[in-house]
Amino acid sequence: MSTAAGFSNLSIKNILSDEQTMLAQARIRLLYYGLGLVFVAVFAVFLSVLFIDQTPLIVIAGGVLVLIAGLFKYLTWKADWKTVSHALLAVGTIINLADAFVIFQKVDILSIQLVLLFIIFGFYMLGQNWGLFYSLVNLLPIVLLMIYSYSNLYIIGIRPEKLDQSTLIISVLTNFIMMVYIHNHFYNAFLKNIVQLKKTGEEQSRLNINLEQAIDKAEKSSHAKSEFLSTMSHEIRTPLNAVIGMSNLLMMGNPRPDQQENLEILKFSANNLLAIVNDVLDFNKIESGKVVFENIRFNLAELMHNICGGQIIKANEKGLIFKLKIDDVFRNKTVIGDPTRITQIIFNLVSNAIKFTRQGYVEVKVNCIEDRHNQVVVRFSVKDSGIGIEGDNLTAIFEPFTQESVTTTRQYGGTGLGLAIVKRLLELKGVQMEVKSKPGQGSEFLFSLELPVATDKPEEHADKPRIAPQHDSELSNLHILVAEDNVVNTMLMKKFFSKWQVQSSFAENGERAVEMMQYGNFDIVLMDLQMPVMNGFEAATEIRKLPDGVKSSVPIIALTASALTDIREKVFSAGMNDYVSKPFKPDELKEKIVTLVKRKASVTSATFNQPAL
Ligand code: ADP
């Protein structure tokens, strides 16, 4: 304890502070007032022994008076209650033992009182160990002396014979008062402590309630944000669907070269906008912990070729050399993982590499760094000879909406979300992304993934190569039912279908689609998911329940404007066979229609809960 106060200041306020515990404060108060009380009592004893002229007692009482005054001063100067307590107990013990063994040479009521007093004082002031120590040091000699007196047939005197009545009364009374005072004082401190605890408890529960309310509010607002984004995604993606679809249609109608160029710009911008909307949505989804990784069989080499296929063209257009190096081990291996997310990660890294490289190369490497029977560790690397990144910015570029500099935004565009998404996706898999980069020389992004290897015979759907785009004639005899409430989308589809020479019927909601299925004959159903009256999921479930086996097993492709991957599971569990994300790519839709219709034709009793891809 070292709360220093001015030397001449004797006020207790200077030695109490809020930093001290309740117990420390109680101990300081006890010493402060206790020393005052003892001083008065010893002074009375001093006067009394002075009166009866007992020299040794006068000396002792005088000495004790000086000691108490000194300790009081020391306490009010330094607040060092431990030292003061030790000093009091040590001197008290000496006096007690000297009293019993030297001065009066027997145990009397004062000795017993003093022992009791020191026991209480020792425990309260200095805790268990010192309390025990001072108790034993005082108690043992006194008890031994009592036993000795008893065995020598002396009567244990309860009154010190050499003290006069008044001194004895003062001493006994003071000791009793001290015992009562110490107990009373500590009982009060104990009560205060309980009240304080109760207050703290109440305060804590109030804080907890506030905290819960704040968490609730935050959760609600985060939920509202997600809802808002999901609605916006649908609202933005639906007209985008029309823009992209119309530009596709116009491009198919042999436009003049200048028109072709304008249409390409239109399509490019719409696709760009779509990518941004998807990124924002995806980031939101990752942040709100809604990402679920799929475990699908796929061939990594094939997947890498698919991802890089389009990118090679882009790189070549910029005059860059594109190298794709895949370890041979992956050629005949089927691994299990989430190809959509791997595609997203690699696609982002490769797009950046091409975007930020003016000349030289972009190199994608997939190495097997550990090959166990049922697991491989794959090291992915995307390297370029581009503009590079300053060392100070290597962490910041992974923050959402952060680009290396304003110049980057001006020159290359982008939202700064790509790497944030990549980093978070990898982190969800417990993987850290590494970056090596030198400004002006290029960058390399590296990460490793552990992928289980499918050891049994691969299922057909997972790594089956996609069939090449079909000729329109393959669709010409089909009758398609389209459930779609959006008029623009309906118009768009009609145009595609007439180009593909497909016969089509349209239902404006899910309920109508189920009705039409009951009375008409359709080869395939395209089902929008968000529709009034009955949504696509419910309608698909109803169709699967139809009594006519042929109708209930009709292939159903979901059309979804809500981006992203968790829709896949919902679509399949509602009994649909596949899905196409809006704005749909005409070739992809056509290919899926052909695949499903062919499969239906070749299977007598089809199982429709299996994913088609
Ligand atoms: P965006 O590409 O939309 O700007 P990203 O999150 O993908 O957003 O990238 C963030 C920033 O990191 C980029 O703006 C760029 O400054 C820097 N960066 C990313 N990849 C590369 C690269 N291969 N070479 C140089 N800089 C890069």
Side-chain angles (χ1 to χ4, degrees), residues 229 233 236 268-287 291 304 307-308 310-325 340-366 379-429 431-447 563-564:
L229 277 171
S233 107
I236 294 174
F268 175 80
S269 307
N271 275 327
N272 223 6
L273 182 55
L274 184 66
I276 293 172
V277 172
N278 284 348
D279 268 0
V280 172
L281 278 170
D282 215 12
F283 185 75
N284 175 54
K285 196 174 154 201
I286 296 170
E287 286 288 275
V291 168
M304 290 304 298
I307 303 170
C308 296
Q311 303 286 59
I312 291 174
I313 302 171
K314 261 200 221 163
N316 292 343
E317 276 170 7
K318 272 187 90 174
L320 304 176
I321 301 165
F322 195 105
K323 300 179 216 166
L324 173 60
K325 296 180 180 166
T340 318
R341 292 300 179 181
I342 294 180
T343 305
Q344 191 176 12
I345 293 167
I346 301 290
F347 187 85
N348 258 308
L349 296 178
V350 176
S351 303
N352 276 347
I354 296 174
K355 184 159 90 173
F356 296 109
T357 307
R358 284 199 202 94
Q359 57 186 28
Y361 66 92
V362 169
E363 183 183 70
V364 181
K365 277 199 282 191
V366 181
R379 183 90 171 142
F380 295 88
S381 145
V382 178
K383 198 173 170 187
D384 63 60
S385 60
I387 58 170
I389 303 155
E390 290 285 350
D392 290 350
N393 296 330
L394 285 179
T395 322
I397 53 167
F398 290 101
E399 291 305 314
F401 305 106
T402 308
Q403 299 185 308
E404 207 197 346
S405 69
V406 212
T407 333
T408 316
T409 324
R410 219 174 26 240
Q411 283 187 2
Y412 301 94
T415 54
L417 268 179
L419 287 183
I421 292 175
V422 167
K423 181 175 179 242
R424 278 163 179 74
L425 281 177
L426 287 175
E427 275 171 357
L428 288 176
K429 283 267 160 204
V431 174
Q432 283 295 326
M433 166 77 86
E434 276 173 56
V435 201
K436 296 176 192 163
S437 188
K438 274 215 173 110
Q441 293 187 20
S443 318
E444 183 176 10
F445 291 78
L446 302 126
F447 65 95
L564 315 180

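All ligand and atom numbering here is 1-based and tracks the order in the structure.
Here Lys423 pairs with Glu427 under the salt bridge (Lys or Arg N to Asp or Glu O under 4.0 Å) rule; sequence neighbours left out.
At a 3.5 angstrom cut-off on N or O pairs, Phe356 does not count as close to ligand 1. Every N/O-N/O distance between Phe445 and ligand 1 stays at or above 3.5 Å.
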Atom pairs and distances, side-chain donor-acceptor, residues 439-447, under 3.5 Å, sequence neighbours left out:
residue: Ser443; atom: OG; partner: Ser437; partner atom: OG; Å: 3.0
residue: Glu444; atom: OE2; partner: Ser381; partner atom: OG; Å: 2.8

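Nearest approach of Val422 to Leu349, heavy atoms of both residues: CG1-CD2, 4.5 Å.
Gln359 and Ser385 share no donor-acceptor pair across their side chains, judged by distance under 3.5 Å alone.
Judged by the shortest distance from any of its heavy atoms, Asn348 lies outside the 4.0 Å radius around the atoms of ligand 1.
A salt bridge is absent between Asp384 and Lys355: the closest approach of a Lys/Arg side-chain nitrogen to an acidic carboxylate oxygen does not fall below 4.0 angstrom.
Remark: ligand 1 atoms within the under-4.0 Å shell around heavy atoms of Gly388 are 25 (C). Numbered from 1 in the order shown, with element, the atoms of ligand 1 that lie under 4.0 Å from a heavy atom of Leu417 read 6 (O), 8 (O). Of all atoms in ligand 1, numbered sequentially from 1 with element shown, those under 4.0 Å from a heavy atom of Lys355 are 1 (P), 2 (O), 3 (O). Listed by number with element, the atoms of ligand 1 under 4.0 angstrom from any heavy atom of Ser443 are 22 (C), 24 (N), 25 (C).
Between the CE atom of Met304 and the OG1 atom of Thr343 there is a distance of 9.0 Å, given to the nearest 0.5 Å.
Checking Leu419, Ile397, Asp384 against atom 5 (P) of ligand 1, the nearest heavy atom belongs to Leu419.
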